[in-house]
Structure formats: C-alpha cells, structure tokens
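Worksheet for the structure shown next.
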Amino acid sequence: MLDLDTVRNTPRRVKEAIRAKGTGSPVLVDTLLEVDEKRRAAITELQETQSRQNDLSQQIGALKREGKDAEAEAMIEKTSQLKEEIKRLKEEVWEAEAEQEELVLKLPNIPHPSVPVGEDEDDNDVAETFGERPSFDFDPAPHWELADRHGLVDLERGAKVTGSGFPFYLGKGARLQRALLNFFLDRARERGYTEMQAPLFVNPESAEGTGQLPDKEGLMYKIKEPNLKNVEDWVTNRLMHRGEIPDDEDEVRRDIRPMINDLMEGDFYPIPTAEVPVTNFHRDEILSADDLPLQYCTYSPCWRREAGSYGADVRGLNRVHQFDKVELVRIVHPDESYRALDELLADAESALDALELPYRRLLMCTGDMGFTQAKVYDLEVWSAAQERWLEVSSVSNFEAFQARRMQIRYRPEPEAKPELVHTLNGSGLAFPRIVAALLENNQQPDGSIELPEALHPYTGFARIE
RNA sequence: GGAGAGGUGGCCGAGCGGUCGAAGGCGCUCCCCUGCUAAGGGAGUAAACGGUGAUGAGCCGUUUCGGGGGUUCGAAUCCCCCCCUCUCCGCCA
C-alpha cells in the first residue's frame with residue numbers, strides 16, 4: 001500500500017508507476033484524490049459536530065450536578081438534532097473511507113529508479129550468469145524421465161490421491177527433499193537468520209498484509225469455514241437501523257444469508273509462500289530500533305493454484321501445486337533496505353554456488369515485476385535437458401509497501417514517533433526446480449546421477465543409480 | 001466439545017454512567033543531589049486521524065480501555081454478538 005501523502009504530493013509518479021507496471025488505470029489516482037477530498041471534508045464536519053455535542057454534554061453534566069434539572073432537560077432537547085447529524089456524517093465518512101481504502105489497495109508499489117522500464121519478461125535485464133553449463137556426449141534425459149527411472153517422484157499417484165501437481169517423493173527422492181531442507185536451513189542459520197516454523201494457514205488479514213489480497217487472490221487456495229453469525233448480526237443491525245428492511249429478524253436472516261455467503265472471504269488460506277506468516281509475525285507492532293534488523297528463515301510447504309498454466313511449462317516438477325521451499329525474510333531500517341537486498345541476494349546465490357548449479361541473475365523490469373515490489377531479482381537455474389532457465393528464487397525489496405499494510409513500525413529514538421520498517425524476502429530456495437536441475441545437469445552416461453559434494457553429508461549418499 | 005474466570009497505556013494494576021486518555025506502581029527520557037557505586041528528589045513519558053502552520057515545531061479538535069453493534073444528552077463503566085487468553089472436565093497426535 002502506498003502512502004496517501006505520496007499520492008497527494010506526487011500523483012504523477014504514481015501514475016507513471018501504474019503505467020510502467022502495466023497494472024490498472026492511471027485514472028485511479030484522480031478518483032482517489034477526489035474521494036480523499038470528500039472524505040476529509042466529511043471528517044472535518046463530523047468532528048466539529050462532535051465537538052459541539054461534547055460541549056453540550058459537559059454542560060448538561062454540570063447542570064445536573066448542581067441540581068438544575070429543568071435547565072438540563074432543555075439542553076438535552078437541543079442535542080437530538082446533533083445526534084441525527086452525527087449519525088448521518090458518520091455514515092458519510094465510513095463510505096468515503098471504504099471507497100478510499102479500496103482504491104488505495106489497487107495502487108502498485110513504485111519501482112526503484114534502478115529498475116529498467118519494460119513490458120514483459122523479454123525486457124528483464126540479465127545481470128549476470130554464473131557457473132558452467134554442462135555438455136553431454138549423449139542425449140540428456142529430462143528430469144521427469146530420470147525421476148521415473150529411479151523411482152524418485154510419482155506424479156500419477158499424486159494425481160490419483162489429490163490432483164495433478166501434487167507429487168509423491170519416494171526413496172532417494174524423498175531423502176533428497178529432506179536433505180535440501182536441512183542444507184538450506186543450516187546455511188541460512190549460519191548466515192544470521194533465526195529459524196522459525198510458521199503456521200501453514202493464514203487468515204485474510206495476513207494475506208492482505210503481504211499483498212496476496214486483494215490483487216492476487218487467484219494464486220491461493222481457500223478454506224471456507226462459514227461462521228456467519230457475526231456478519232449476519234452486523235448486516236441485520238445495519239439494515240434495520242436504516243429502516244431498509246422490516247423488523248422481522250428471521251425473514252431478514254433468510255434473505256441476507258445468500259448475500260453474505262457471496263461477500264465472505266475464506267477464513268483461511270493455505271500459504272502460497274512462508275513470506276506471508278513470517279512477515280505478518282510482527283504485524284501491528286512497534287519495534288525498538290535495537291530490534292532491527294530482524295532476519296528469519298523458515299521451511300514450509302507452499303500451495304499455489306497456478307491456474308491457466310499448461311504445456312511444457314508444467315511437465316514434471318516444473319510447476320506443481322504443492323512444493324517445498326526455504327524462505328528468507330528480513331525486516332530492516334529503511335536506510336538499510338538496499339544493502340539488505342544485496343545481502344539477501346548473496347545468501348540465495350551462495351546456496352546455488354554450493355550446489356554447483358549454473359544459474360543467472362535477472363533484474364526484473366517494471367512490466368514483469370510484482371504489484372508489491374520496488375525491486376526484484378530472479379534467480380534461474382539452467383535445466384540441461386530442457387535447455388531452459390527455471391526460476392528458483394525471487395529476491396525482493398518491498399520498501400514500506402507491506403509494512404504500511406501491516407503497520408510494522410520501529411521507534412528511531414526512545415521518544416520519537418514510530419516509522420515504518422522496510423521488508424524484504426527471497427526464496428532460499430524452492431525445491432522442485434532445484435531437484436530438476438540437479439537431476440538433469442548431473443546425469444551420467446550410465447543413467448546415474450552424481451550429487452554435489454555439499455549435499456553428501458545431508459543425503460547420506462553421493463549418487464542415485 | 002462442556003463449565004468457569006478474565007482481556008484497561010511499553011509492562012503490572014485501580015477505576016462510582018459525567019470533572020477519565022484514564023489513579024498507583026514498574027520501566028524509559030531529561031534534570032537535580034550525592035566524591036565513586038547504590039539510594040534519593042523533580043519533570044516528562046500512547047497512537048491514529050482531521051484542522052491550522054512551511055507536508056517542521058507548536059496549537060486546536062476528533063477517535064481509541066480486545067473487536068463490532070446497541071441504550072443514553074453523555075459509556076472503560078449498562079445491554080447484545082463475536083474474538084482471544086487462562087483454569088477445570090471431555091476428546092485427541
């Protein structure tokens with residue numbers, strides 16, 4: 001979420017960001033500013049009325065204490081008009097606030113000046129390529145064939161048991177997963193991250209905090225746990241209060257139930273990334289300056305709907321609905337966030353180095369980066385048989401965009417006003433494509449697979465044959 | 001799942017329908033005192049929003065005592081709904 005001041009003071013910049021990211025219409029900004037005017041006018045009027053009301057109430061109190069009941073009664077009558085007025089103005093303010101909230105959530109984060117302007121993935125900047133791509137004097141097999149041959153992954157049975165994109169890992173395949181988990185977490189811990197285990201479902205507030213809601217709802221699975229009672233009461237009260245519905249409560253409940261059902265958010269979302277619970281860990285907190293920087297690492301499964309993808313894209317482990325990942329999260333002082341971004345990038349890259357995988361670093365262009373990010377690097381490993389790059393990490397600085405939604409602040413000095421922190425995260429790393437690359441890049445003429453040395457202590461075996 | 005108790009400022013903890021943003025304590029900041037340390041004395045210590053200033057300082061106002069509704073001229077205090085925490089019972093990996 002952007003700061004309203006930013007929108008008010010530099011509407012052009014915001015419009016430019018919308019255009020550069022290709023998300024939504026710049027007209028949003030003008031609409032928002034109009035609503036803002038309307039909202040503030042209503043607030044001012046409301047507050048003035050409330051102030052008058054408070055004065056009168058105090059006077060009434062004073063009169064009553066002095067036993068001048070008649071005078072008090074006369075004054076009470078005067079307040080009834082104010083009461084009506086306040087009720088009306090409150091609704092006006094609520095409506096403007098709701099409208100404004102909705103609009104401001106649709107504004108994307110402003111890209112950092114160093115981000116290249118571009119439309120899509122073709123405009124990303126290939127910043128650097130690392131490691132040697134392997135060459136073979138035989139036809140390298142794609143990872144799904146290798147996995148099949150060695151009995152490492154079973155997608156068919158996963159599809160039977162759950163659905164497509166929910167793999168079983170077996171034998172050395174399963175052990176490799178467990179090895180990667182420990183390998184990545186150990187490295188992260190050594191690099192100064194505190195290990196964390198997080199809940200795997202989050203509520204809508206958390207999903208909104210990190211920016212999965214409202215803009216990327218299609219990304220997540222949703223668990224609906226209807227608990228209509230409170231919503232129902234609220235709507236019923238509100239409608240009856242407005243006199244829009246006769247006061248037969250049973251009838252009201254029956255009529256509005258379907259409406260409410262439609263309006264309701266799911267109660268829980270299985271996490272699409274551990275970024276969500278980990279970053280929200282500090283939601284609505286004011287940290288002290290000494291607490292910063294905070295660095296967390298966590299392992300979790302991730303669930304993604306990945307609607308609309310098909311073809312070679314989704315063969316084997318290229319894109320699945322459930323996968324494992326170690327995530328790195330940093331919460332830092334605003335002045336430190338770009339230094340932290342470089343470090344975070346180095347953390348992720350060092351794991352790829354240790355795994356001896358060839359990879360490249362992309363600086364994402366404005367059109368291909370996410371809604372919430374100010375600057376993003378993607379890391380992609382080389383998949384030797386498919387002859388394509390596979391994304392295994394996305395390392396992002398959100399600046400204050402998430403922090404503002406989550407209200408994560410810190411106090412620069414003991415007495416000073418709280419300020420927003422900056423948040424960052426990066427995969428370190430996502431398992432399935434790492435497995436794909438490990439299998440494809442390290443296959444031998446005899447069909448066996450040699451694992452990089454760094455993994456041996458974790459797997460307990462050096463090759464798969 | 002059943003029964004009970006409770007949620008007040010950074011923390012602990014008072015609070016009668018009006019003078020309560022809230023006593024008292026702890027912590028923190030600044031000052032004084034003490035030759036050092038410890039102790040002592042004084043002052044100050046919430047956030048959000050709106051208005052006015054220079055989008056600074058300050059000033060004025062509004063809101064906030066778990067959340068949402070309601071009653072009332074006026075609610076931390078009364079009523080309703082929800083959430084959370086704790087204790088006991090049940091169930092369970």
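Because the structure is predicted, anything quoted here is derived from the model rather than measured. Every chain is numbered from 1 and lettered A, B, ... according to where its sequence line falls, protein lines coming before strand lines.
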Quick one: look up who [N] pairs with, Watson-Crick or G-U, both distances under 3.5 Å, and put none if it's unpaired.
| N | value |
| --- | --- |
| B:rG4 | B:rC86 |
| B:rA54 | none |
| B:rU63 | B:rA47 |
| B:rC78 | B:rG70 |

Taking the [atom1] atom in each of [N] and [M], what is the distance between them to the nearest angstrom?
| N | M | atom1 | result |
| --- | --- | --- | --- |
| B:rG9 | B:rA23 | P | 13 Å |
| B:rC12 | B:rG74 | C1' | 31 Å |
| B:rU63 | B:rA22 | P | 14 Å |
| B:rA75 | B:rG69 | C1' | 14 Å |
| B:rC26 | B:rG21 | P | 25 Å |
| B:rU29 | B:rC82 | C1' | 40 Å |
| B:rG27 | B:rC84 | C1' | 26 Å |
| B:rA5 | B:rC92 | P | 28 Å |

message: Just by distance, no angles: are the side chains of A:Asp324 and A:Tyr299 close enough, under 3.5 Å, to form a donor-acceptor pair?
response: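 Note: A:Asp324 and A:Tyr299 side chains meet the donor-acceptor criterion.
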Integer-rounded Å distance: [N] [atom2] and [X] [atom1]:
| X | N | atom1 | atom2 | result |
| --- | --- | --- | --- | --- |
| A:Gln407 | B:rA46 | CD | C1' | 14 Å |
| A:Asp284 | B:rU64 | CG | P | 18 Å |
| A:Glu285 | B:rG9 | CD | P | 15 Å |
| A:Gln53 | B:rG18 | CD | P | 17 Å |
| A:Met75 | B:rG18 | CE | C1' | 14 Å |
| A:Glu419 | B:rA48 | CD | C1' | 16 Å |
| A:Glu77 | B:rU72 | CD | C1' | 15 Å |
| A:Ile76 | B:rG18 | CD1 | P | 15 Å |

- request: Let me have a per-nucleotide readout for nucleotides 49-62 of chain B, 5' to 3', with B, S or -, counting only protein heavy atoms under 4.0 Å.
  value: BBS---B-----BB
- prompt: Do the numbers put A:Arg305 on top of the ring of A:Tyr221, so that NZ or CZ is under 6.0 Å from the six-membered ring centre and no more than 45° off the axis?
  reply: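 Satisfied, under 6.0 Å and within 45°.
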query: Cation-pi between A:Lys325 and A:Phe431: NZ/CZ under 6.0 Å from ring centre and within 45° of the ring axis?
result: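 Geometry flag: not set, cation outside 6.0 Å or 45°.
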- prompt: Syn versus anti for B:rG6, judged by chi lying within 90° of 0?
  reply: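 That one's anti.
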- prompt: If only side-chain N and O atoms of A:Lys90 are considered, is one of them under 4.0 Å from the OP1 or OP2 phosphate oxygen of B:rU63?
  reply: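 False: A:Lys90 side-chain N/O out of range (4.0 Å or more) of B:rU63 OP1/OP2.
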query: Just by distance, do the side chain of A:Arg404 and the backbone of A:Met1 share a donor-acceptor pair under 3.5 Å?
result: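 Yes: the side chain of A:Arg404 pairs with the backbone of A:Met1.
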field: Set of side-chain contact (heavy atoms from CB on, under 4.5 Å) partners for A:Glu156, sequence neighbours left out
entry: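 A:Glu156 satisfies side-chain contact (heavy atoms from CB on, under 4.5 Å) with A:Asp154 only.
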message: Taking the ring centre of each residue, are A:Tyr296 and A:His282 less than 6.0 Å apart?
response: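 Close enough - the centres of the two rings lie under 6.0 Å apart.
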query: For the rings on A:His422 and A:Phe401, is their centre-to-centre separation under 6.0 Å?
result: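 Here the rings of A:Phe401 and A:His422 have centres that are no less than 6.0 Å from each other.
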message: Between A:Glu399 and A:Tyr338, is there a side-chain heavy-atom distance shorter than 4.5 Å?
response: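 Yes, side chains in contact.
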task: Look at all strands and tell whether A:Thr79 reaches a base, only sugar-phosphate, or nothing, counting heavy atoms closer than 4.0 Å.
output: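 Counting heavy atoms under 4.0 Å across all strands, the contact made by A:Thr79 is with sugar-phosphate only.
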